[in-house]
Amino acid sequence: MNIAVPVNAVDADEVERITTKDLPALVKQIDEECLYPKDVIRAYGAAGAYGTHTGGVEGPTDLTSAITVMSRAGEVCTSTAFCMWCQDALAWYIFSSDNDYLKTTLGPRVAAGEVLGGTGLSNPMKAINGIEPMRLKGERVEGGYKVRGLLPWVSNIGDDSYFGIVFHVDVEGEEAPRKVMAVAFAGAEGVKITEDHNFVAMGGTATCNVQFRDVLIADDFVLADPADAFIKRIRGGFTLLQCGMASGMVQSSIDLMKQVRPSLGHVNQFLEKQPEDFEAELAGLFAEIAELAKSPYDPSNAYFKRVLRARLKGGEMAVEAAHYAMLHCGARGYVSHGAAQRRLREAYFVAIVTPATKQLRKMIAELPE
């Protein structure tokens, strides 16, 4: 049975109010005190930010609005934009699945920002691409699976959050273990979450290690079993949504370069790249992103390679644009509270979050045509 899920409209005025009023007031605390801005993240959800891409495989499904809103928030704070991506990704998993229970219960609450959650796919994405082993292992029991292991780098979660997981199950008669993808609850019996990452930026993203000690994952929370075809279904959207973080970072760097032009333009003109150069590159990149966002369930390798290249370009542009913003701002960007140095630290996160620059290059090189 296919469940018809209403696709939310974004309240553009409310998104702009949050982005220009609520979020800027918290940026210093987010960066320096590792404040997790959950009220802002929920507010974006109430404004429709996470519900525009929930049409499922039957559609219509377009990621453009989700990416655009994330980008707008990212112009102010990459930590917040990243948490929005986590929220978007969880909704993407649920509404891309054939699990009608999750699509009618948890899914709408995630899309509305009432329930916050993470993606949980950093380790599986690396494991699938031969970078590290799968961290979670499951065992079939009555009514579901018991899962054990340690999952690092799960963001946007607290004790009352949900997040995606992939675990291996050994099956008699099969050489390779089977992958199962599901949604886990951080407050379940046997789950322990710990925040212990001392990042140079992005400390306000509620990023945790998650310990599973024989945690029961009920069948109602299984997204796909086996999961290989489902992972292929969601891979494009998972990766493309991250471009919102990248484009927001590039735009904020352009703005910083322009802000100092009245006082420093006479010398900044000798720098190799100017804000107009990045504006032209960003316009071209976003045009490609918007085109790809119209068909996120395209299963072809040709489509996915375009997505990977767009994501790679976004990460590289984010670092380069932030680098030039620092050069344009000079000493005023190098002080401890300077916006330019904060954006440069955040930009490196865009380049190293899964899939990182090196992983993207590996995937592009190895993906068959």
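Position 1 is the first residue of the sequence; numbering continues from there. Values below: every heavy atom of this structure, side chains too, minus hydrogens, waters and symmetry copies.
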side-chain contact (heavy atoms from CB on, under 4.5 Å) between Arg178 and Asp225, worked out: CA-CA 8 Å; Arg178 186 171 76 236; Asp225 181 7; 2.7 Å; yes
Looking at [Y], is its backbone amide N or carbonyl O close enough to the side chain of [X] to form a donor-acceptor pair, meaning the two atoms are under 3.5 Å apart?
{"X": "Trp85", "Y": "Cys243", "value": "no"}
{"X": "Gln242", "Y": "Thr354", "value": "yes"}
{"X": "Lys103", "Y": "Ser97", "value": "yes"}
{"X": "Lys362", "Y": "Asn129", "value": "yes"}
{"X": "Glu58", "Y": "Gly55", "value": "no"}
{"X": "Asp62", "Y": "Thr64", "value": "yes"}
{"X": "Asn301", "Y": "Pro368", "value": "yes"}
{"X": "Asn99", "Y": "Val222", "value": "yes"}
{"X": "Ser247", "Y": "Gly244", "value": "yes"}
{"X": "Lys146", "Y": "Val141", "value": "no"}

[atom2] on [Y] to [atom1] on [X], rounded to 0.5 Å:
{"X": "Thr78", "Y": "Tyr348", "atom1": "OG1", "atom2": "OH", "result": "14.0 Å"}
{"X": "Arg309", "Y": "Arg361", "atom1": "CZ", "atom2": "CZ", "result": "11.0 Å"}
{"X": "Ile94", "Y": "Ile234", "atom1": "CD1", "atom2": "CD1", "result": "11.0 Å"}
{"X": "Met70", "Y": "Cys83", "atom1": "CE", "atom2": "SG", "result": "11.0 Å"}
{"X": "Lys294", "Y": "Thr61", "atom1": "NZ", "atom2": "OG1", "result": "14.5 Å"}
{"X": "Arg135", "Y": "Gln211", "atom1": "CZ", "atom2": "CD", "result": "11.5 Å"}

Test: Arg148 cationic atom under 6.0 Å from Phe212 six-membered ring centre, within 45° of axis: no
Note, [X] side chain near [Y] side chain (heavy atom, < 4.5 Å):
{"X": "Glu132", "Y": "Asn123", "answer": "yes"}
{"X": "Glu16", "Y": "Arg72", "answer": "yes"}
{"X": "Met257", "Y": "Phe278", "answer": "yes"}
{"X": "Met125", "Y": "Arg235", "answer": "no"}
{"X": "Arg233", "Y": "Val57", "answer": "yes"}
{"X": "Arg332", "Y": "Leu264", "answer": "yes"}
{"X": "Pro275", "Y": "Arg261", "answer": "yes"}
{"X": "Lys137", "Y": "Phe167", "answer": "no"}

For the residue pair [X] and [Y], what are the closest heavy atoms and their distance?
{"X": "Cys34", "Y": "Gly203", "value": "CB-O, 3.5 Å"}
{"X": "Cys208", "Y": "Glu195", "value": "SG-CG, 3.3 Å"}
{"X": "Leu90", "Y": "Gly117", "value": "CD2-CA, 3.7 Å"}
{"X": "Leu26", "Y": "Pro37", "value": "CD1-CB, 4.5 Å"}
{"X": "Met245", "Y": "Val353", "value": "CE-CG1, 4.3 Å"}
{"X": "Ala293", "Y": "Ile67", "value": "CB-CD1, 4.4 Å"}

Count the heavy atoms belonging to other residues, nucleotides or ligands that lie under 6.0 Å from [atom1] of [X], then report whether that count exceeds 12.
{"X": "Asp159", "atom1": "CG", "result": "no"}
{"X": "Glu174", "atom1": "CD", "result": "yes"}
{"X": "Gln269", "atom1": "CD", "result": "yes"}
{"X": "Lys305", "atom1": "NZ", "result": "yes"}
{"X": "Phe199", "atom1": "CZ", "result": "yes"}

Quick one: do [X] and [Y] make a salt bridge, cutoff under 4.0 Å?
{"X": "Asp298", "Y": "Arg306", "answer": "no"}
{"X": "Lys273", "Y": "Glu320", "answer": "yes"}
{"X": "Glu32", "Y": "Arg345", "answer": "no"}
{"X": "Asp31", "Y": "Arg343", "answer": "no"}

Between [X] and [Y], a side-chain donor and acceptor under 3.5 Å:
{"X": "Tyr324", "Y": "Asp277", "result": "no"}
{"X": "Asp255", "Y": "Gln259", "result": "no"}
{"X": "Thr239", "Y": "Arg311", "result": "no"}

Plane angle bin for Phe221 and Tyr101 - parallel if under 30°, tilted between 30 and 60°, otherwise perpendicular: perpendicular
Geometric class of the His53/Trp92 ring pair [parallel <30°, tilted 30-60°, perpendicular >60°]: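 Rings of Trp92 and His53: parallel, under 30°.
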Passing candidate, side-chain hydrogen bond (donor to acceptor under 3.5 Å, both in side chains) with Tyr36, options Asn156, Thr205, Thr80: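 So the option named by the test is Asn156.
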Derivation of the side-chain contact (heavy atoms from CB on, under 4.5 Å) call for Val210 and Val191: CA-CA 7 Å; Val210 185; Val191 175; 3.8 Å; yes
Do [X] and [Y] share a hydrophobic cluster, counting only Ile, Leu, Val, Met, Phe, Trp and Tyr and linking them when any side-chain heavy atoms are less than 4.5 Å apart?
{"X": "Ile165", "Y": "Val115", "result": "yes"}
{"X": "Val260", "Y": "Val250", "result": "no"}
{"X": "Leu308", "Y": "Leu312", "result": "yes"}
{"X": "Leu216", "Y": "Phe163", "result": "no"}
{"X": "Phe82", "Y": "Val40", "result": "yes"}

